[in-house]
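Accompanying notes for the structure given below.
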2 protein chains.
Amino acid sequence: MAGKPEQPEKAVFLRFLKSRGLKVTRQREAVVNEIFSDSGHFEAEELVHRLRGNRTRVSRATIYRTLELLRECQLVEKLDLGQSGSFYEYVNPGEHHDHLICLQCDSVIEFHNEKLERTQAEICRNFGFQETHHSLRIFGLCSKCSQNA
Amino acid sequence: MAGKPEQPEKAVFLRFLKSRGLKVTRQREAVVNEIFSDSGHFEAEELVHRLRGNRTRVSRATIYRTLELLRECQLVEKLDLGQSGSFYEYVNPGEHHDHLICLQCDSVIEFHNEKLERTQAEICRNFGFQETHHSLRIFGLCSKCSQNA
DNA sequence: CTAATTGCAAAAAGTTTGCAAGCGT
DNA sequence: ACGCTTGCAAACTTTTTGCAATTAG
């Protein structure tokens, strides 16, 4: 419970910082801890508020800067769920999933489908396109909301 | 060359306005004409500039308001290409396509693939999800850029 | 020590809005 | 005429940035 990083993603981040000659600051640790204590989707502004109650104050500017670093080392991804601001989400290294987004209750369902991935790879091959990543968002009504409608 | 609407999408828009009790103004016509004279991807700000040289001045506010109307009648769609601002694109009624986005030269390739669509429909069915629309963006290097790399 | 980092507040960037004047129908 | 529209400028939202003070290594 002391200094040891319990979470593997935190270790990844620390290693990344070291490899870049960047520093491990209280603020950066606070941000990572907060994000990975409750993996899911969140907005930058939400993090600002979640970190308000913390022992370590973290300014909005630092949160944005840290999110950018986390993106560079692929621990989080930016997400556009159709709302005004950007959402972020934790990415399990090596994993990938797409999203079903409910327009009624704003819930987000993650899924992964191999057939889909293969077809996409095939399409890229046909276009001579070298994919680095992709994002599929399907909007509509989740099962709960479509029943209530 | 006179009053007749040459473009079918303009006719759709006019009909939509009428059905809503909205007015056909010089500004709205100018926006539609400009968009459909060169179908493709564009930003709101770009439209502002493209319309500067026009006989009819159209303010930024009106452009945003008109784009919203065009979205409501499904003639244009908002697009997130990863850049800061929103892009828009003309939508051929009844058609749908996805995008390959080159991170190097910012070019956008459109494609449509039936197998992909079927797999997506299958996924939705499995989740009891009622799709209204979707967006697949594949990021990477286009064939030209991957050769030069 | 020294370079990286932080917080702040100002600036940017993109979009929306209130309101008085103007224009379709 | 009536009510929808426009333009303007101000407001807003989200994100970025310059800079002096601070801190990790």
Side-chain angles (χ1 to χ4, degrees), chain A residues 3 5 10 13-34 41-52 54-73 76-88, chain B residues 3 5 10 13-34 41-52 54-73 76-88:
Chain A
K10 189 165 173 185
F13 188 47
L14 299 188
R15 226 175 297 129
F16 167 78
L17 291 176
K18 215 148 279 179
S19 77
R20 285 256 213 131
L22 302 178
K23 293 172 179 173
V24 178
T25 64
R26 258 172 310 130
Q27 288 86 339
R28 285 178 180 159
E29 288 194 275
V31 172
V32 185
N33 288 339
E34 187 58 39
H41 310 94
F42 57 91
E43 289 174 285
E45 196 57 31
E46 188 190 325
L47 258 192
V48 174
H49 288 115
R50 283 215 256 153
L51 283 167
R52 279 267 191 272
N54 229 309
R55 29 214 147 297
T56 309
R57 267 287 141 55
V58 189
S59 69
R60 196 185 317 277
T62 295
I63 287 176
Y64 276 100
R65 291 189 274 231
T66 304
L67 284 172
E68 181 53 29
L69 289 173
L70 286 166
R71 225 156 64 84
E72 284 175 44
C73 63
V76 309
E77 258 178 26
K78 237 178 187 166
L79 216 56
D80 177 18
L81 300 185
Q83 267 99 329
S84 48
S86 289
F87 277 73
Y88 292 84
Chain B
K10 189 165 172 184
F13 189 47
L14 298 189
R15 224 173 300 129
F16 167 78
L17 290 177
K18 215 147 281 179
S19 77
R20 284 256 213 131
L22 302 179
K23 292 172 180 173
V24 178
T25 63
R26 259 172 308 128
Q27 289 86 340
R28 285 177 181 161
E29 287 195 275
V31 171
V32 185
N33 287 340
E34 187 58 41
H41 309 95
F42 56 91
E43 290 174 284
E45 195 57 31
E46 188 190 327
L47 258 193
V48 174
H49 288 114
R50 282 214 255 154
L51 284 167
R52 279 268 189 268
N54 229 310
R55 30 219 146 293
T56 309
R57 266 289 139 55
V58 189
S59 69
R60 196 186 316 279
T62 296
I63 287 177
Y64 276 101
R65 290 189 274 231
T66 304
L67 283 172
E68 181 53 29
L69 289 173
L70 286 166
R71 226 157 63 82
E72 283 174 46
C73 64
V76 308
E77 258 178 25
K78 236 178 188 169
L79 216 56
D80 176 19
L81 300 184
Q83 267 101 327
S84 47
S86 290
F87 277 74
Y88 292 84

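Heavy atoms only: backbone and side chains are in, while hydrogens, waters and symmetry mates are out.
- Rounding to whole angstrom units, CZ of residue B:R28 and C1' of D:dC4 are separated by 8 Å.
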Q.
Walk along nucleotides 8-18 of chain C from 5' to 3' and tag each nucleotide B, S or - by protein heavy-atom contact under 4.0 Å, base first, then sugar-phosphate.
A. B-----SBBBB
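- Sorted by first and then second residue, the pairs that involve residues 14-27 of chain B and meet side-chain hydrogen bond (donor to acceptor under 3.5 Å, both in side chains), not counting sequence neighbours, are B:R20-B:E72.
- Atom-to-atom, CG of A:L51 to P of C:dG7 comes out at 10 Å; the value is rounded to the nearest Å.
- Considering every non-hydrogen atom in both A:I63 and A:V48, the closest pair reads CD1-CA, 3.5 Å.
- A rotation axis mapping the C1' atoms of four pairs onto the next four is fitted at both ends of the helix from C:dC1-D:dG25 to C:dT25-D:dA1 over five pairs, and the angle between these axes is 30° to 10 degrees.
- In this structure, the CG atom of A:L67 is 10 Å from the P atom of D:dT16, given to the nearest Å.
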Output one line per pair: protein atom, nucleotide atom from nucleotides 22-25 of chain C, and distance, for all N/O pairs under 3.5 Å.
residue: C:dG24; atom: OP1; partner: B:R26; partner atom: NE; Å: 3.4
residue: C:dG24; atom: N2; partner: B:K23; partner atom: NZ; Å: 3.2
residue: C:dG24; atom: N3; partner: B:K23; partner atom: NZ; Å: 3.2
residue: C:dT25; atom: OP1; partner: B:V24; partner atom: N; Å: 3.2

Without placing hydrogens or testing angles, list every side-chain donor-acceptor pair under 3.5 Å for residues 78-85 of chain A, not counting sequence neighbours.
residue: A:D80; atom: OD1; partner: A:G82; partner atom: N; Å: 3.0
residue: A:D80; atom: OD2; partner: A:R137; partner atom: NH1; Å: 3.4

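- Taking atom CG of residue A:L17 and atom P of nucleotide D:dG25, one finds them 9 Å apart after rounding to whole Å.
- Scored by the side chain to side chain donor-acceptor pair (under 3.5 Å) test, B:E46 finds no partners at all (sequence neighbours excluded).
- A:E29 pairs by the salt bridge (charged side-chain N to carboxylate O under 4.0 Å, His left out) definition with A:K10, not counting sequence neighbours.
- Applying the side chain to side chain donor-acceptor pair (under 3.5 Å) rule to A:S59 yields the partners A:T62; only residues at least two apart in sequence or on another chain are considered.
- Closest heavy-atom contact between A:L51 and A:A30: CD2-O, 3.8 Å.
- Rounding to whole angstrom units, CG of residue A:L69 and P of C:dT6 are separated by 9 Å.
- The line from CG of A:L69 to CZ of A:R71 is 10.5 Å long, rounded to the nearest 0.5 Å.
- When the side chain to side chain donor-acceptor pair (under 3.5 Å) test is applied to B:R60, the partners found at least two apart in sequence or on another chain are B:E45.
- Considering only residues two or more places apart in sequence or on other chains, A:E77 meets the salt bridge (charged side-chain N to carboxylate O under 4.0 Å, His left out) condition with none of them.
- For the side chain to side chain donor-acceptor pair (under 3.5 Å) test, no residue two or more places apart in sequence or in another chain qualifies with B:R65.
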